[in-house]
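Data block below; observations after.
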Amino acid sequence: MSAFFLAFLTCALVIAAGRDALFVARLSQALHRAPGLHVAIMLAALVFAALPVWLAGSLAVHLDGAAGRLFVALALLVAGAELLVLRASPTPAEPTHSTIATVLVLAVRLVSGAPGFVLLALAARGTAPAAFTAAGGLFAAFAVLPVAAIAGEDWERLPLRIVRRGLGVALLMAGGVIGWIAVF
C-alpha cells in the first residue's frame, strides 16, 4: 500500500470519526456557514500536513526496525484511545469571526490530536518520500472537513458514536498487532 493511500485512509477515518469534523460542523452551525470557515479549513489543513511531516524528518533517523514499528503501534493505540475516550466539545457559544483565529484553533486541534500523531508516525516510519505522506494527510483533511462544514447540523445526525467505537476498537487492535509483531 502506498504511503499516500495509507496516510489518506487513516487520517480521513480518524478526522471523520473523531472530534475534529464534529467541531467544524458545530462551528459552521454557529457561524451560519460563513465562507471564511472554508478558507480557515484549507489553511489549517496545510499546517496539519506540513508540521508533522517536517517533524518526522528529525525522528526518522532514530526509528529503524522495531522502534519504528513500535512508534506506529503507539500512534494507532493513542488514536484508538482518543476515539473511545474523549468526547467532542459543545457548540461554541460565541464563536470568533476571525479567520486567522479559526485557522490557529483548527490547526492546533489537528496537529496535537490523533490525526497529527498518526501522520507523524506514518511519515517517520514511511519508506516512501515524506511528501507522499504529507499529501495523503492534506487530501484527507480536504476531503472530510469541508464536507462537515457544509453538512453542519446534519453531520450530528450521522451514527458517529457507532463509527467512533468501531474505529477506535479497530485502531487499538491494529496497534496491538503491530506492536506484538515488532516486539516478537
Side-chain angles (χ1 to χ4, degrees), residues 1-25 38 40-84 86 103 105-149 155 158 160 163-164 166-182:
M1 198 178 303
S2 71
F4 171 82
F5 182 68
L6 186 60
F8 175 79
L9 186 62
T10 54
C11 289
L13 287 173
V14 171
I15 291 171
R19 302 175 304 150
D20 303 315
L22 189 57
F23 173 75
V24 167
H38 292 284
I41 288 170
M42 296 303 160
L43 293 174
L46 287 170
V47 172
F48 161 67
L51 189 60
V53 173
W54 176 69
L55 291 172
S58 61
L59 282 176
V61 296
H62 303 292
L63 297 176
D64 56 343
R69 288 189 294 274
L70 281 174
F71 189 61
V72 171
L74 177 65
L76 293 176
L77 289 170
V78 167
E82 181 178 308
L83 288 177
L84 290 174
L86 297 180
V103 168
V105 169
L106 189 55
V108 167
R109 288 178 66 101
L110 286 169
V111 170
S112 65
F117 193 33
V118 168
L119 190 62
L120 172 71
L122 291 175
R125 181 61 181 123
T127 56
F132 293 132
T133 306
L138 178 68
F139 284 111
F142 281 172
V144 175
L145 294 177
V147 173
W155 190 265
L158 296 173
L160 293 175
V163 173
R164 194 177 315 122
L167 184 60
V169 168
L171 287 172
L172 287 174
M173 289 173 41
V177 168
I178 291 171
W180 181 267
I181 291 170

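No option in L83, V169, L86, L84 other than L83 meets the side-chain contact (heavy atoms from CB on, under 4.5 Å) test with R164. When each of T10, I15, L9 is tested with L13 by the rule side-chain contact (heavy atoms from CB on, under 4.5 Å), just one qualifies, namely L9. Among the candidates V78, L70, V72, the single residue satisfying the side-chain contact (heavy atoms from CB on, under 4.5 Å) test with L74 is V78.
Distance check: L46 CG to L110 CG gives 11.5 Å after rounding to the nearest 0.5 Å. Taking CG from L43 and CG from L106, the interatomic distance works out to 10.0 Å, rounded to the nearest 0.5 Å. Rounding to the nearest 0.5 angstrom, the gap separating the CZ atom in R109 from the CZ atom in R19 is 5.5 Å. Here CG of L120 is found 11.5 Å from CH2 of W54. Values are rounded to the nearest 0.5 Å.
Looking at every heavy atom in both residues, L172 comes nearest to A81 through CD2-N, 4.0 Å. For the pair A123 and A56, the tightest heavy-atom approach, listed with the atom from each and the gap, is CB-CB, 3.5 Å. Of all heavy-atom pairs spanning A12 and V144, the tightest one is O-CG2, 3.7 Å. Closest non-hydrogen pair, S58 versus L55, comes out as OG-O, 2.9 Å. Across all their heavy atoms, W155 and A25 have their closest contact at CB-CB, 3.6 Å. In terms of heavy atoms, A130 sits closest to V53 at CB-CG1, 3.4 Å.
F8 and F4 have parallel rings, their planes meeting at less than 30° on a 0 to 90° scale where 60° marks the start of perpendicular.
Between S2 and F132 there is no side-chain heavy-atom pair separated by less than 4.5 Å. You'll find the side chain of L158 stays beyond 4.5 Å of the side chain of V163, heavy atoms only.
Annotation for F117: atom CZ counts as buried by contact number, over 12 foreign heavy atoms lying within 6.0 Å.
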